[in-house]
Amino acid sequence: SENLTDLSILQDYVKSSYTVVLLLTPNVLMRPWILVELATAMAADIPIVPLEIIRPGISFQFPTEEYYRQLLDGTLLGAEAAVVLREAHVNIAQLEKGLRGVFKKIAFRYSPHRPAHIRRAEIDTLMRSCRLHLMAPEVLSNACPR
């Protein structure tokens with residue numbers, strides 16, 4: 001189908017990425033294409049870095065146990081979304097487990113309404129994290145001792 005072709009292209013882009021930055025905006029985890037991207041990154045062992053977008057009056061709601069339960073039992077998303085996930089060969093149980101792992105990490109923050117110097121500092125912090133994922137394990141262990 002046409003969706004499968006588009007999904008394959010999307011998945012190929014994700015697989016060629018070094019890091020996936022998940023923009024934590026309202027309802028992002030209700031969008032099937034986003035879930036496909038995340039599942040693809042998880043299956044390819046590509047790090048996912050959560051980035052919370054901070055805007056007055058709008059906030060991301062972190063997944064609750066109810067979210068995970070509904071994701072697993074198929075009641076969270078509509079029939080069209082289920083088709084998208086199925087066409088992309090997304091394993092819902094693995095997606096649920098992977099999402100739990102993503103949200104064990106502390107999310108970075110980005111405040112688009114703040115002054116430029118603050119936005120720049122927030123982006124610099126995010127980029128440093130992404131670069132750490134690119135380093136070889138032996139370099140990383142020397143750069144970031146435990």
Side-chain angles (χ1 to χ4, degrees), residues 1-137 139-140 144:
S1 82
E2 184 175 301
N3 282 346
L4 184 57
T5 302
D6 292 345
L7 284 173
S8 296
I9 292 168
L10 174 66
Q11 289 175 296
D12 288 343
Y13 280 121
V14 171
K15 290 174 189 173
S16 68
S17 300
Y18 292 107
T19 304
V20 170
V21 177
L22 173 59
L23 302 180
L24 302 180
T25 57
N27 298 314
V28 68
L29 297 178
M30 299 299 289
R31 298 181 186 125
W33 289 59
I34 298 295
L35 296 176
V36 168
E37 288 181 77
L38 296 174
T40 302
M42 291 169 193
D45 290 325
I46 295 168
I48 299 170
V49 177
L51 178 66
E52 187 174 8
I53 306 299
I54 308 297
R55 294 179 294 182
I58 299 174
S59 65
F60 173 75
Q61 298 300 312
F62 287 86
T64 62
E65 286 303 315
E66 180 70 6
Y67 172 89
Y68 293 120
R69 186 190 61 73
Q70 289 179 344
L71 178 65
L72 287 170
D73 71 17
T75 60
L76 182 70
L77 306 169
E80 284 184 37
V83 169
V84 170
L85 296 175
R86 194 170 36 258
E87 285 182 347
H89 309 288
V90 172
N91 178 308
I92 299 298
Q94 289 176 348
L95 174 63
E96 181 261 351
K97 181 179 178 185
L99 285 173
R100 287 181 183 275
V102 167
F103 291 108
K104 286 182 181 176
K105 301 174 189 173
I106 295 174
F108 289 89
R109 298 172 68 125
Y110 180 68
S111 311
H113 67 286
R114 305 282 307 269
H117 71 279
I118 293 174
R119 293 191 315 266
R120 194 171 310 113
E122 290 172 334
I123 292 298
D124 287 347
T125 300
L126 172 68
M127 295 307 293
R128 275 193 303 278
S129 170
C130 291
R131 279 192 293 274
L132 286 176
H133 292 298
L134 296 176
M135 291 182 183
V139 174
L140 185 57
C144 303

Looking at [atom1] of [X] and [atom2] of [Y], how far apart are the two atoms once the value is rounded to the nearest 0.5 Å?
{"X": "Ser8", "Y": "His89", "atom1": "OG", "atom2": "NE2", "result": "7.5 Å"}
{"X": "Ile92", "Y": "Tyr68", "atom1": "CD1", "atom2": "OH", "result": "13.5 Å"}
{"X": "Lys105", "Y": "Ile48", "atom1": "NZ", "atom2": "CD1", "result": "6.5 Å"}
{"X": "Arg109", "Y": "Leu24", "atom1": "CZ", "atom2": "CG", "result": "11.0 Å"}
{"X": "Leu23", "Y": "Glu52", "atom1": "CG", "atom2": "CD", "result": "11.5 Å"}
{"X": "Glu96", "Y": "Asn91", "atom1": "CD", "atom2": "CG", "result": "10.5 Å"}

Side-chain touch [X]/[Y], heavy atoms, less than 4.5 angstrom:
{"X": "Phe108", "Y": "Met127", "result": "no"}
{"X": "Leu29", "Y": "Leu71", "result": "no"}
{"X": "Arg55", "Y": "Pro26", "result": "yes"}
{"X": "Val84", "Y": "Leu7", "result": "yes"}
{"X": "Leu38", "Y": "Val90", "result": "no"}

**Report entry** Residues, nucleotides or ligands: over 12 heavy atoms within 6.0 Å of Ile58 CD1
**Finding:**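 Enclosed: over 12 neighbouring heavy atoms sit under 6.0 Å from CD1 of Ile58.
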Under the rule for side chain to side chain donor-acceptor pair (under 3.5 Å), what residues qualify as partners of [X], not counting sequence neighbours?
{"X": "Glu37", "answer": "none"}
{"X": "Ser59", "answer": "Gln61"}
{"X": "Glu66", "answer": "Arg69, Gln70"}
{"X": "Gln94", "answer": "none"}

Query raised in the report: So, Arg119 side chain and Arg114 main chain: donor-acceptor pair closer than 3.5 Å or not?
Result: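 Pair found, side chain donor or acceptor close to backbone of Arg114.
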Query - Derivation of the side-chain contact (heavy atoms from CB on, under 4.5 Å) call for Thr125 and Glu122 - result: CA-CA 5 Å; Thr125 300; Glu122 290 172 334; 5.9 Å; no
**Report entry** Closest non-hydrogen atom pair, Ser17 against Ile46
**Finding:**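 Smallest interatomic distance, heavy atoms only, reads O-CD1, 3.6 Å.
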Query raised in the report: Looking only at heavy atoms, what is the nearest atom pair of Tyr110 and Pro112, with distance?
Result: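 Looking at all heavy atoms of both residues, the closest pair is O-CD, 3.4 Å.
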Query raised in the report: Checking side-chain contact (heavy atoms from CB on, under 4.5 Å) for the pair Met42/Val102: CA distance, chi angles, key distance, verdict?
Result: CA-CA 10 Å; Met42 291 169 193; Val102 167; 4.2 Å; yes
Requested in this report: Would you please name every residue forming a ring pair (Phe, Tyr, Trp, His ring centres under 6.0 Å) with Phe62, sequence neighbours left out?
Outcome: Phe60, Phe103
**Report entry** Under the salt bridge (charged side-chain N to carboxylate O under 4.0 Å, His left out) test, residues paired with Glu65 that sit two or more places apart
**Finding:** Arg100
